[in-house]
Visitor: 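Dropping the structure in here first, questions after.
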Amino acid sequence: MRVRLGSIVEALGGELLGDAERAIEGIAPLDAATPAHLSFLSNPKYQQQLLASQAACVIVGPAAREAAQARGDCIVAADPYLYFARVTQWWKRQLGQDQGPAVHPSAVVDPGAVVHPHARIGPLCVVERGASIGAGTVLKARVNVGENCVIGERCILHPGVVIGADGFGFAPQQGEWVKIEQLGAVRIGNDVEIGANTCIDRGALADTIIEDGVKLDNLIQIAHNVRIGKHTAMAGCVGVAGSASIGAYCTVGGGAGIVGHLTIADHVHISSFSLVTRSILKPGHYTGVFPIDDNASWEKNAATLKQLHTLRERIKALEKKT
Amino acid sequence: MRVRLGSIVEALGGELLGDAERAIEGIAPLDAATPAHLSFLSNPKYQQQLLASQAACVIVGPAAREAAQARGDCIVAADPYLYFARVTQWWKRQLGQDQGPAVHPSAVVDPGAVVHPHARIGPLCVVERGASIGAGTVLKARVNVGENCVIGERCILHPGVVIGADGFGFAPQQGEWVKIEQLGAVRIGNDVEIGANTCIDRGALADTIIEDGVKLDNLIQIAHNVRIGKHTAMAGCVGVAGSASIGAYCTVGGGAGIVGHLTIADHVHISSFSLVTRSILKPGHYTGVFPIDDNASWEKNAATLKQLHTLRERIKALEKKT
Amino acid sequence: MRVRLGSIVEALGGELLGDAERAIEGIAPLDAATPAHLSFLSNPKYQQQLLASQAACVIVGPAAREAAQARGDCIVAADPYLYFARVTQWWKRQLGQDQGPAVHPSAVVDPGAVVHPHARIGPLCVVERGASIGAGTVLKARVNVGENCVIGERCILHPGVVIGADGFGFAPQQGEWVKIEQLGAVRIGNDVEIGANTCIDRGALADTIIEDGVKLDNLIQIAHNVRIGKHTAMAGCVGVAGSASIGAYCTVGGGAGIVGHLTIADHVHISSFSLVTRSILKPGHYTGVFPIDDNASWEKNAATLKQLHTLRERIKALEKKT
């Protein structure tokens, strides 16, 4: 595909300083761009890369206008990273993908499910009885939407996603486990994206709730009766245990965990690999990760860690003596 | 659905103190229940919620009999949480789901597999040659059961489960990896439940064994030649490495890991996110998690942690001096 | 199946000390082997097990030749574990599996995909437009290969694998997320094996790259634009964040994580459950795991850990005083 720089600015706005007729064939980071690429500078600390870049044209913010123009063609936009995102969307539309039928013939859609005529159900998906799929929502290949689960509008569910499997609920009886049937469902808002092989379990009694604009990466586990507030994003391999209530505008780093039955406020940011074991009621950034080290150093420190409480007592004793 | 309180007690026992003709339309926790709901009090510390609950009727233990009766209708049962579990099962039966054909026409079942006539194979499942599926077992949609793997009776396998993929076995040869064909299978007992997208690998030579009554949540990885003893339960995202032998009646918290070739006794409980790096031969509760903190505090403590061994030496030196 | 010892040595080399006509019916570890089994001694520390083993024949290295011969039949090979791997491959070939059609009729293969005539596409796989599958590659059941993704020769992709789902890329806009379309693909070399339900995302602009001979276990997440060098192996449940560049000949233990946009040199070994938070430019073995302990001890040490920085200050103060 070859497109004129002018056609991008006509579609997306921004100020083009340079030749509207110049053609680009792709988008690339500054350091990989060739004279056939459009690139972007979103972080001022990469300004050196800007000057060295071979790109045909670079999207920049107002502050980099002069430096960019001195290098060559540029598009000035208020938020260059956001502009770049819009360009990727525009680019994909130009590719003009033939997306095939609205419901792929290999999908298994129960006659008692409601699929909006503007939704797309990919190959080998399963949509069970009573489920509902909103307008503009896309189920890629091999997605499961269980009984009575509701997916809003303009959502994207990637391959292998399982919505509405039973929550993990059992009552103990003399060391054995008696199943608690999971009578709730899953309700997902609008503009939610869910990554490959991620699972969201149905509620035990009430529903599991994913609010508008939530973004979940791959291989995430959301247990029954969790609530995730709007526009919260979670990176891959996160696990959220049952009945946790997570606020809006949070971010959760990859591999982090959230224990059940606790509350996380809005605007909380959890580092990768950290386990949230108590409610977090104040916005902020929280971490709990053992720092990596060369193995020999780690072994010494980890062994000492097991005596940490004792060390503290020894310090106390020393303090009394001196 | 509307059901008479009397019909529940007739089916499940327990003592109804109240109006057998009162109708309920659902089950809900104490704080969410309306006058159309049945609820339950399983933990005495929620007795305040009992008194405030709007529920039509509450399942309680003998100790809460009087408090509950003062509030309104109740069902007295020896173990109210277990009774609640039985109610969910009864409720689901009343919903009278039409479950469709025993083997969904979209499933791919090898003619050399043995599927009990009272098993159910959901849409888009794959059952390979020599596999065997016991009576009453349900494979939900998109489940894989590999060659020669055996699933017992009354098991539930949720969507995306993969039983019998190859174990991860390679012999090194000059830095490269030579595949060790995995010639064993997986044998799963009766009454086992396996969560969405969980994987259980086939053994290298002997079989991977999951004993009766084991409950596995979603996105769990069970490597080749692992053995899990009866009635052990594991929460989501757990990983168990090859040839680990885990006892009966254990629980493993979400995101925990178990290193290969070790032994865990019966009645061992592992906290979420903890890595078991050595055999545990004594029943008990074991933990290894870095405590979460606000990021600034964590950074200071984590930096110091790398000098922990040195700090210990400095304490020793101080002790000698004083 | 019964095979003559002689037929193994004829196929794979090695020196048989014993009866070429002796028949074996399987392969087993030393301690489980019966007189119908072939076994192997790869680690000299198990020499006691060698002497006690009931095996019909044991594969040993040159150093154990005499001990093994004193016990009974043996095959002497330069690298007995590698020889064992070759025997498992030979054994599987003897089982003479009927593998069915090259492309299973239930698979959904886009007419614009290129599948080599010597590749095998299992049941319920999805191969999208522009994807390419090399000679000798096997997609087991329910594998996804997304648009324009390239899989090399002799690869094995286990059930549930998702290649080429969208990477997790969004630009923030007033607290909401604007999708960055993922315009790259995934390129996978030759002789790569990918475990069940593992996901490898397509690149944002450039491609995600998996080099020759890489082995990935189950439930691994590889984010967009990651590069994994040749012959690197990762155990189950590992997560690698976007644009991480991992060297060749590395190993990554189960449940470990690698943060995005960093570089790991060749020959680096990461312990299970460790999070790599910075580039590692020197070969070696690296670890960061909180040591497991009985819960009561852990609680005391974890509580003290939150004061670790303060303890260090107290030690400093003591040192000044004495």
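What you see below is based on every heavy atom in this structure, not just the backbone, and it leaves out hydrogens, waters and symmetry mates. All chains are named by letter (A, B, ...) in the order of the sequence lines, taking the proteins before the strands, and each is independently numbered beginning at 1.
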Visitor: Let me confirm one number: the CG-NZ distance from A/Leu308 to C/Lys300, rounded to the nearest 0.5 Å.
Guide: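 Output value for this atom pair is 11.5 Å.
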
Visitor: At what distance, to the nearest 0.5 angstrom, does CD of A/Glu193 lie from CH2 of C/Trp177?
Guide: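 Between A/Glu193 CD and C/Trp177 CH2, I get 12.5 Å after rounding to 0.5 Å.
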
Visitor: Is any side-chain heavy atom of A/Glu299 closer than 4.5 Å to one of C/Thr287?
Guide: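 A side-chain contact is absent here, since even the closest heavy-atom pair is not under 4.5 Å.
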
Visitor: With respect to chain A, which residue among C/Gln307, C/His269, C/Glu176, C/Lys321 yields the maximal number of heavy-atom pairs within a distance under 4.5 Å?
Guide: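 Highest number of heavy-atom pairs under 4.5 Å: C/Glu176.
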
Visitor: Heavy-atom cut-off 4.5 Å, strictly under: side chain, backbone, both or neither for C/Ile292 against chain A?
Guide: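 Backbone only.
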
Visitor: With a sphere of 6.0 Å drawn around CZ of C/Arg227, does it hold more than 12 non-hydrogen atoms of other residues, nucleotides or ligands?
Guide: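 Result for CZ/C/Arg227: open.
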
Visitor: What pair of heavy atoms forms the shortest contact from C/Ala171 to A/Tyr81, and how long is it?
Guide: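 Answer, listing the atom of C/Ala171 first, then A/Tyr81: CB-CD2, 3.6 Å.
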
Visitor: So which part of A/Ser272 gets closer than 4.5 Å to some heavy atom of chain C, the side chain, the backbone, both or neither?
Guide: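 For A/Ser272, the contact with chain C is made by backbone and side chain together.
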
Visitor: Please classify the contact of C/Val268 with chain A as side chain, backbone, both or neither, using a heavy-atom distance under 4.5 Å.
Guide: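 Neither; nothing under 4.5 Å.
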
Visitor: For the side chain of A/Arg312 and the backbone of C/Leu311, is there at least one donor-acceptor N/O pair under 3.5 Å apart?
Guide: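 Absent.
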
Visitor: A/Ser274 versus chain C, heavy atoms under 4.5 Å apart: side chain, backbone, both or neither?
Guide: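 Interface part for A/Ser274: neither.
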
Visitor: Pick one of side chain, backbone, both or neither for C/Ala256, based on which atoms fall under 4.5 Å of a heavy atom in chain A.
Guide: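 The answer is the backbone of C/Ala256.
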
Visitor: Look at atom OH of A/Tyr46 and say whether more than 12 heavy atoms of other residues, nucleotides or ligands are closer to it than 6.0 Å.
Guide: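 At most 12 heavy atoms, drawn from other residues, nucleotides or ligands, come within 6.0 Å of this atom.
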
Visitor: Nearest 0.5 Å, please: how far is CZ in A/Arg154 from NZ in C/Lys179?
Guide: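 Spacing of NZ (C/Lys179) from CZ (A/Arg154) equals 14.5 Å.
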
Visitor: List the steps, then state whether side chain to side chain contact (heavy atoms under 4.5 Å, CB included) holds for C/Asn144 with A/Lys140.
Guide: CA-CA 10 Å; C/Asn144 242 70; A/Lys140 306 268 187 173; over 6 Å; no

Visitor: Report the option among C/Thr198, C/Ile270, C/Val259, C/Asp201 that has the most heavy-atom pairs separated by less than 4.5 Å from atoms of chain A.
Guide: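 Of the options given, most contacts go to C/Asp201.
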
Visitor: So which atom in C/Pro172 and which in A/Asp79 form the shortest heavy-atom distance, rounded to 0.1 Å?
Guide: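 For C/Pro172 and A/Asp79, the tightest heavy-atom pair comes out as O-OD2, 4.1 Å.
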
Visitor: Please report the closest heavy-atom contact between C/Gly257 and A/Phe273, naming both atoms and the distance.
Guide: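 Between these two residues, the closest heavy atoms are N-CZ, 3.4 Å.
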
Visitor: What distance do C/Glu319 atom CD and A/Leu318 atom CG have between them, rounded to the nearest 0.5 Å?
Guide: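 Answer rounded to 0.5 Å: 10.0 Å.
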
Visitor: Of all of C/Ile220, C/Leu275, C/Leu219, which one pairs up most often with chain A through heavy atoms under 4.5 Å apart?
Guide: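 Going by pairs under 4.5 Å, I would pick C/Leu275.
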
Visitor: Can you name the nearest heavy-atom pair linking C/Ala165 to A/His158, along with the distance?
Guide: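 Taking C/Ala165 first and A/His158 second, the nearest heavy atoms are CB-ND1, 4.2 Å.
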
Visitor: If I compare all heavy atoms of C/Arg278 with all of A/Asp293, which pair ends up nearest, and what's the gap?
Guide: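 Between these two residues, the closest heavy atoms are NH2-CA, 4.3 Å.
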
Visitor: Checking side chain to side chain contact (heavy atoms under 4.5 Å, CB included) for the pair A/Lys215/C/Phe168: CA distance, chi angles, key distance, verdict?
Guide: CA-CA 8 Å; A/Lys215 310 294 181 189; C/Phe168 196 63; 3.8 Å; yes

Visitor: In the structure I gave you, are the side-chain heavy atoms of A/Asp294 and C/Lys282 within less than 4.5 Å of one another anywhere?
Guide: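 In short, these two side chains do not touch, never coming nearer than 4.5 Å.
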
Visitor: Side chain, backbone, both or neither: which part of A/Asp217 has an atom under 4.5 Å from a heavy atom of chain C?
Guide: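 Contact with chain C: backbone and side chain both.
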
Visitor: With chain A, which of C/Asp110, C/Leu305, C/Leu183, C/Val289 has the greatest number of heavy-atom pairs at distances under 4.5 Å?
Guide: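 The candidate making the most pairs under 4.5 Å is C/Val289.
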
Visitor: How many angstroms lie between NE2 in A/His37 and CG in C/Leu205, if you round to the nearest 0.5 Å?
Guide: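 Taking NE2 in A/His37 and CG in C/Leu205, the distance rounds to 8.5 Å.
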
Visitor: Among A/Pro123, A/Gly160, A/Ala32, A/Gly26, who wins on heavy-atom pairs under 4.5 Å with chain C?
Guide: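 Among A/Pro123, A/Gly160, A/Ala32, A/Gly26, the one with the most close pairs to chain C is A/Pro123.
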
Visitor: A/His104 versus chain C, heavy atoms under 4.5 Å apart: side chain, backbone, both or neither?
Guide: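 Contact with chain C involves the side chain of A/His104 alone.
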
Visitor: Any idea which of A/Asn295, A/Asn197, A/Leu124, A/Thr310 has the most non-hydrogen atom pairs under 4.5 angstrom with chain C?
Guide: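 Of A/Asn295, A/Asn197, A/Leu124, A/Thr310, A/Asn295 has the most heavy-atom pairs under 4.5 Å with chain C.
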
Visitor: Go through the steps to decide whether C/Ile180 and A/Phe84 satisfy the test side chain to side chain contact (heavy atoms under 4.5 Å, CB included), and finish with yes or no.
Guide: CA-CA 8 Å; C/Ile180 297 169; A/Phe84 156 66; 3.8 Å; yes

Visitor: Under a 4.5 Å heavy-atom cut-off, does chain C meet the side chain of A/Leu216, its backbone, both or neither?
Guide: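 Answer is backbone: N, CA, C or O of A/Leu216 sit under 4.5 Å from chain C.
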
Visitor: Checking A/Pro291 against chain C: side chain, backbone, both or neither under 4.5 Å from a heavy atom?
Guide: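 Contact with chain C is through the backbone of A/Pro291 alone.
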
Visitor: Heavy-atom distances under 4.5 Å only: say whether A/Tyr249 touches chain C with side chain, backbone, both or neither.
Guide: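 The answer is the side chain of A/Tyr249.
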
